[in-house]
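Below, each value reflects all heavy atoms present in this structure, side chains not excepted, and no hydrogens, waters or symmetry copies.
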Amino acid sequence: MGQYRMLVDVTKCIGCYSCRVACQMENDLPPDQSYISFCEVEKGEYPNVEWVMHRFSCLHCEDAVCEKVCPQNAISYSQTGAVVVDQEQCIGCEYCEKNCPFGRAKVELCQDKEGNSVSRANKCTLCNGKVLEGMTPACASTCYTEAIVFGESDEILQKAEQRLAEVKDRYPDANIYNPEGVGGTHTIYLLAHKPEEYDLESDATTPASAIIWKDYAQPLGKLLLGATTMAVIGGAISNRLFNKGEHHEGGE
């Protein structure tokens, strides 16, 4: 199976929220909860007012910070390109939530198989299960303005470039948001304005400390010390390196 991407074209979005409702229904979420949020910004002055809006969820980074800082290896890459959470492995440590450069991972209370309340990471999965079965993510299949389209990676990148050329006359600052600092993403955006207008970081990156820890220190540690010993040591090191909330509270 090849890799897939989603394109969100904000120039076509009318803020109907059908994608959000579809997400809630697909994931059996309550009305006040969804893996999709909306960014709405008012630009200009009356009577020349423009509403800048778009749906926003996990971007599914190629080099995902959440995957690197997770001490339980509960976050992984699907063959589709999606970044997914294994609920059985997750311990609710919040490292993913505190380190995601886009603020998309959320640790919330839910019920385990025994009915106990537990903290677990939740986020958009790009409807990974549906895609593996040859179907389209719920949000894309319900967007009647085609502001959300889904398909093979190369095809979506080509569509994004074509659409960018079409809207440049109307939106001179239009751009494709696919930040290289996180290796690119599997949810990309065609933005009408600069990323900052949409509360997006133009220079979002994967921290060097996370890369060194996940790609070098952990594999070497498991080889020298064994997986079990490294898991114990890794929990302490991860807590020190990646728990931003506690780090700042300590004044260091």
Side-chain angles (χ1 to χ4, degrees), residues 3-44 49-61 78 80-85 87 97 100 102-106 108 110 121-153 155-164 166-167 170-171 174-179 185-195 197-200:
Q3 299 258 303
Y4 292 84
R5 271 190 169 88
M6 178 178 288
L7 169 63
V8 180
D9 184 345
V10 306
T11 68
K12 292 184 176 182
C13 178
I14 61 172
C16 68
Y17 283 66
S18 61
C19 58
R20 181 180 169 92
V21 174
C23 174
Q24 291 170 327
M25 295 178 65
E26 177 67 28
N27 294 286
D28 195 24
L29 299 173
D32 61 345
Q33 182 181 347
S34 176
Y35 300 146
I36 295 175
S37 60
F38 267 79
C39 171
E40 300 183 17
V41 180
E42 182 180 345
K43 288 180 61 65
V49 177
E50 176 190 7
W51 281 101
V52 174
M53 63 179 64
H54 72 90
R55 53 87 75 195
F56 194 51
S57 62
C58 174
L59 277 77
H60 299 276
C61 307
S78 168
T80 66
V83 179
V84 296
V85 180
Q87 295 287 312
E97 177 176 327
C100 174
F102 307 104
R104 290 295 92 192
K106 299 294 181 183
E108 301 168 329
C110 60
N122 283 297
K123 68 178 190 65
C124 163
T125 65
L126 268 183
C127 286
N128 187 58
K130 291 171 70 72
V131 176
L132 286 171
E133 295 178 3
M135 295 183 284
T136 302
C139 60
S141 63
T142 59
C143 182
Y144 67 89
T145 66
E146 296 187 347
I148 306 172
V149 292
F150 185 81
E152 294 185 0
S153 287
E155 175 189 356
I156 292 298
L157 289 171
Q158 184 177 12
K159 283 185 177 182
E161 292 290 349
Q162 291 173 345
R163 181 60 181 164
L164 178 63
E166 293 173 2
V167 303
R170 181 180 178 188
Y171 300 105
N175 63 94
I176 297 171
Y177 189 70
N178 184 22
T185 59
H186 283 267
T187 294
I188 63 175
Y189 288 81
L190 175 64
L191 302 178
H193 307 282
K194 295 178 180 179
E197 299 284 352
Y198 301 87
D199 294 328
L200 294 171

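- In this structure, Thr185 and Tyr177 have side chains that are not in contact, with every pair of non-hydrogen atoms separated by 4.5 Å or more.
- Judged by distance alone, with hydrogens and angles left aside, the side-chain atoms of Gln24 form a donor-acceptor pair with the main-chain N or O of Pro31 at under 3.5 Å.
- Atom CG of Leu59 is separated from atom SG of Cys124 by 9.0 Å, given to the nearest 0.5 angstrom.
- A salt bridge (Lys or Arg N to Asp or Glu O under 4.0 Å) check over residues 141-151, counting only residues at least two apart or in different chains, returns nothing.
- The SG atom of Cys13 sits 12.0 Å away from the CG atom of Leu190 when rounded to the nearest 0.5 Å.
- Here the side chains of Pro137 and Tyr4 are not in contact, with every heavy-atom distance at 4.5 Å or above.
- For Glu152, there are no salt bridge (charged side-chain N to carboxylate O under 4.0 Å, His left out) partners two or more places apart in sequence or in a different chain.
- Inter-residue side-chain proximity for Leu126 and Val131 is flagged as unmet; no heavy-atom pair is nearer than 4.5 Å.
- Distance check: Asn175 CG to Leu200 CG gives 9.5 Å after rounding to the nearest 0.5 Å.
- Side-chain N or O atoms of Thr136 include none that pairs as donor or acceptor with a backbone N or O of Ser141 at under 3.5 Å.
- Remark: Ala121 engages Val85, Cys90, Cys96, Val107 in a side chain to side chain contact (heavy atoms under 4.5 Å, CB included) (not counting sequence neighbours).
- By the 4.5 Å heavy-atom criterion applied to side chains, Pro179 and Phe102 are counted as neighbours.
- For Ser78, the side-chain hydrogen bond (donor to acceptor under 3.5 Å, both in side chains) partners are Thr80, Asn128, not counting sequence neighbours.
- For the pair His193 and Val10, the minimum side-chain heavy-atom distance is 4.5 Å or more.
- Taking both residues in full, the closest heavy atoms of His186 and Gly81 are given as CD2-O, 3.3 Å, listed atom of the first, atom of the second, then distance.
- Separating the CD atom in Glu108 from the CD atom in Gln33 is a distance of 4.5 Å, to the nearest 0.5 Å.
- Of the possible polar contacts, none joining the Tyr171 side chain to the Leu191 backbone as a donor-acceptor pair under 3.5 Å is found.
- Nearest heavy atoms, Ser57 versus Arg55: OG-NH1, 2.9 Å.
- By the neighbour-count criterion of 12 heavy atoms within 6.0 Å, atom CE of Met25 is sparsely surrounded, having that number or fewer from other residues, nucleotides or ligands.
- Across all non-hydrogen atoms, the minimal contact from Cys16 to Tyr144 is SG-CE2, 4.2 Å.
- Counting only heavy atoms from C-beta outward, the side chains of Tyr35 and Thr125 never approach each other to under 4.5 Å.
- In terms of heavy atoms, Cys139 sits closest to Ile36 at CB-CD1, 3.9 Å.
- Looking only at side-chain heavy atoms (C-beta outward), Lys123 and Glu97 stay at 4.5 Å or farther from each other.
- Between Cys19 and Ile148 the shortest heavy-atom distance is CB-CD1, 3.8 Å.
- No side-chain donor-acceptor contact under 3.5 Å links Asn122 to the backbone of Lys106.
- Closest of all the heavy-atom pairs between Ala160 and Ile188 is CB-CD1, 3.9 Å.
- The distance from atom NZ of Lys159 to atom CG of Leu157, rounded to the nearest 0.5 Å, is 11.5 Å.
- Sorted by first then second residue, the salt bridge (Lys or Arg N to Asp or Glu O under 4.0 Å) pairs that include residues 5-26, not counting sequence neighbours, are Asp9-Arg163, Glu26-Lys130.
- In this structure, CD on Gln162 lies 5.0 Å from CD on Gln158, to the nearest 0.5 angstrom.
- Listed by chain and residue number, His54, Tyr189 satisfy the ring pair (Phe, Tyr, Trp, His ring centres under 6.0 Å) test with Phe56 (two or more places apart in sequence, or in another chain).
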